[in-house]
Amino acid sequence: MTDRPSPPSSHEAKVVAGILRDAEGRILLAQRTRGEHAGRWEYPGGKAEPGESLEEALRRELEEELGVVIGGISALIEVPQTGARGPWRLCAFEVQAFKGEAHGREGQALAWVAAERLRAYSMPPADLPVTAALLDPACYAITPDLAADRTEALVRGLDRLIAQGSPLRLQWRLPQWERSAAIGLLAAQLARLRAAGIEVLLNGEPDEARRLGCGLHLRSSMLATVERAELYGLDAITASCHDASELARAASLDLDAVLLGPVASTATHPGARPLGWEEFVALRARCALPIYALGGLVPEDLPAARACGAQGIAAIRGLWPDQARVASG
Ligand SMILES: Nc1nc2c([nH]c(=O)n2[C@H]2C[C@H](O)[C@@H](COP(=O)(O)OP(=O)(O)OP(=O)(O)O)O2)c(=O)[nH]1
């Protein structure tokens with residue numbers, strides 16, 4: 001587990017936002033009536049006042065704006081951002097219970113939206129990571145770098161991932177394998193992975209992913225050269241990023257998420273300088289894509305990752321089940 005990040009700086013403005021659900025599980029959005037994002041939809045809330053805790057601010061804002069009194073809350077994600085007026089942070093909370101019927105007390109329109117419809121609503125950029133935290137897996141596993149004769153070990157690992165039963169993205173990356181063997185095994189495994197709720201992204205070419213009907217992961221060298229038109233019709237697309245210019249490139253291609261790292265030192269790239277959480281936050285603040293933190297991380301790092309604006313963690317060792325047995329057996 002990595003060291004916890006230092007707390008956000010005190011000069012950073014905080015905006016709190018609440019995820020409220022109705023009896024059918026629909027989520028409440030409010031339409032902004034003024035300012036830069038007028039007309040866009042957001043998770044209800046507003047700016048925390050000096051000296052106020054985040055919970056106090058959320059309680060006050062939701063009472064003022066919606067006329068509801070909230071019960072327990074839990075942190076979902078914090079999204080550090082850099083705006084024209086300096087650094088600020090969107091702090092989103094799941095609201096476990098509330099009293100009262102939500103109504104737009106400031107003249108704003110409200111909508112209760114089924115989770116799978118959230119992305120149909122135009123939102124401010126900082127909300128993209130919040131919506132992704134609600135909808136997409138927090139864990140992004142990468143296949144271990146097994147030798148080409150280790151099919152059985154790989155399939156055993158997949159069996160265990162499926163048995164775990166938790167939502168997952170899985171990058172199919174087998175650099176030591178013949179291309180046709182790597183793709184042939186994925187074609188044979190794809191249906192059962194998908195049936196288990198595992199979303200597969202092929203580390204490879206757009207055409208290969210299109211033929212298989214799976215997602216695509218772009219290595220950073222490919223991120224630099226790929227054209228948007230080549231990505232047409234693909235499921236989820238992610239990319240490897242290490243700096244601000246790669247993040248900007250990924251944003252310009254409107255990718256679904258990126259992997260940013262290494263956050264801590266990792267055996268996969270022993271010579272690479274770790275970013276650390278502070279640098280991760282600084283890079284995250286300049287970009288509004290969902291970002292998985294990569295490099296030396298394990299599931300216990302998830303709360304720290306979410307507090308730094310990460311969608312979750314991406315890992316080979318940290319997420320591949322029973323790695324020791326796969327490596328030796
Ligand atoms: N409440 C809320 N605000 C959000 C979200 N996403 C996002 O970018 N924001 C921004 C819009 C505003 O600039 C700021 C919220 O402050 P506010 O609701 O008190 O708005 P305001 O009119 O006083 O501020 P401003 O637009 O004049 O800057 O955070 C979100 O999901 N919920």
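Start at 1 and go down the list; that is how both ligands and their atoms are numbered.
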Answer yes or no: does an N/O atom from Ala126 fall short of 3.5 Å to an N/O atom of ligand 1?
no

Polar proximity ligand 1 side, His37 side, N/O cut 3.5 Å exclusive
no

Atoms of ligand 1 under 4.0 Å from any heavy atom of Gly46, numbered from 1 in the order shown, are 1 (N), 18 (O), 19 (O)

Using a 3.5 Å cut-off on N or O atoms only, is Tyr43 in polar contact with ligand 1? yes

Next on the checklist: Contact between Arg192 and Leu158 at the side-chain level, heavy atoms closer than 4.5 Å - yes or no?
Outcome noted: yes

Looking only at heavy atoms, the pair that brings Leu275 and His242 closest together is CD2-O, 4.3 Å

Out of Gln108, Arg32, Lys47, the nearest non-hydrogen contact to atom 12 (C) of ligand 1 is supplied by Arg32

- Message: Tell me whether Arg85 reaches ligand 1 (any heavy atom closer than 4.0 angstrom to a ligand atom).
- Response: yes

*Could you establish whether Met123 and ligand 1 come within less than 4.0 Å of each other, counting only heavy atoms on the residue side?*
no

of all protein heavy atoms, closest to atom 2 (C) of ligand 1 is Glu42 OE1, 3.2 Å

Looking only at protein heavy atoms, what sits closest to atom 7 (C) of ligand 1 is Asp127 OD1, 3.5 Å

So salt bridge (Lys or Arg N to Asp or Glu O under 4.0 Å) across residues 169-185, not counting sequence neighbours, yields Asp136-Arg169, Arg169-Glu199, Arg179-Glu208

Within the 4.0 Å heavy-atom cut-off, what Arg34 brings close to ligand 1 is side chain

Atoms of ligand 1 under 4.0 Å from any heavy atom of Pro124, numbered from 1 in the order shown, are 6 (N), 7 (C), 8 (O)

For atom 29 (O) of ligand 1, the closest protein heavy atom turns out to be Val15 CG2, 3.4 Å

Discussion item. Heavy-atom count check: over 12 atoms from other residues, nucleotides or ligands less than 6.0 Å from Arg228 CZ?
Written reply: yes

In Val79, Ile291, Leu90, the residue satisfying side-chain contact (heavy atoms from CB on, under 4.5 Å) with Pro129 is Val79

Any side-chain heavy atom of Leu161 sitting closer than 4.5 Å to one from Leu193? no

- [ ] State plainly whether the residues Glu94 and Arg21 are in salt-bridge range, i.e. N to O under 4.0 Å.
- [x] yes

Residues 144-170 vs ring-ring contact (aromatic ring centres under 6.0 Å, His included), sequence neighbours excluded, gives none

- Hey, is Arg59 close enough to Glu55 for a salt bridge, meaning N to O under 4.0 Å? yes

Point to revise | Nitrogen or oxygen of Trp88 less than 3.5 angstrom from that of ligand 1 | key: no

ask   = Backbone or side chain, does any N or O of Glu36 fall under 3.5 Å from an N or O of ligand 1?
value = no

Going by the 4.0 angstrom heavy-atom rule, the piece of Gln81 near ligand 1 is neither

Check: Taking everything shown except Glu152 itself, do over 12 heavy atoms lie less than 6.0 Å from its CD?
Finding: no

